[in-house]
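First the structure, in the form of structure tokens, and then the observations on it.
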Amino acid sequence: MTDAWHPLIAETEFPADGKLAAKLGGWFVLVAKTDGGFHAVNDRCTHQAALLSGGRIRRGAVMCPLHGARFELASGKCIGGAYRDLRLFPVRVTDGMIEVCVPVAPPTMEELPVGI
Ligand code: FES
């Protein structure tokens with residue numbers, strides 16, 4: 001088994017501001033709710049590794065709080081800046097519980113945010 005599902009929070013308890021940061025299996029994960037549903041990404045900007053969870057979410061994208069790069073949450077694509085796309089994690093809702101799937105192997109230094 002290379003990936004594992006982790007329960008996060010009941011869908012009804014999801015924060016009203018549309019985002020939740022969590023550490024699951026050693027991975028820093030940002031889960032966000034957009035018009036398209038729930039999305040989970042590695043909570044690490046691909047520019048200089050800032051935590052994205054401190055950023056604002058608007059129109060289906062998160063803006064990095066450090067230098068303002070924007071990433072589309074559904075695809076991970078960098079749409080405001082010239083940086084690599086974000087790593088996506090599968091997310092699902094099972095019996096009202098939001099679950100996120102992350103690799104069993106812990107993140108490498110290149111996959112961890114700074115300032116944690
Ligand atoms: S660290 Fe995110 S834009 Fe620079």
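When a ligand or atom number is given, it counts from 1 through the structure's own listing order. Index from 1, following the sequence.
For residue H67, an N/O/S atom approaches atom 4 (Fe) of ligand 1 to within less than 2.8 Å. Atom 4 (Fe) of ligand 1 does not have C64 among its coordinating residues (no N/O/S atom, backbone or side chain, under 2.8 Å).
Heavy-atom neighbours of K19 NZ from other residues, nucleotides or ligands within 6.0 Å: above the threshold of 12. Other residues, nucleotides and ligands contribute over 12 non-hydrogen atoms within 6.0 Å of the CG atom of D17. Atom CZ of R84 is surrounded by 12 or fewer heavy atoms from other residues, nucleotides or ligands within 6.0 Å.
At the shortest separation from atom 1 (S) of ligand 1 among protein heavy atoms lies Q48 N, 3.3 Å.
For ligand 1, the atoms closer than 4.0 angstrom to any heavy atom of L66 are 1 (S). Taking every heavy atom of A69 and a limit of under 4.0 angstrom, the matching atoms of ligand 1 come to 3 (S).
Counting only heavy atoms from C-beta outward, the side chains of I9 and I98 approach each other to under 4.5 Å.
Closest of all the heavy-atom pairs between A21 and D43 is CB-OD2, 3.9 Å.
Among the heteroatoms counted here (N, O or S) of H47, ND1 is the one nearest to atom 4 (Fe) of ligand 1.
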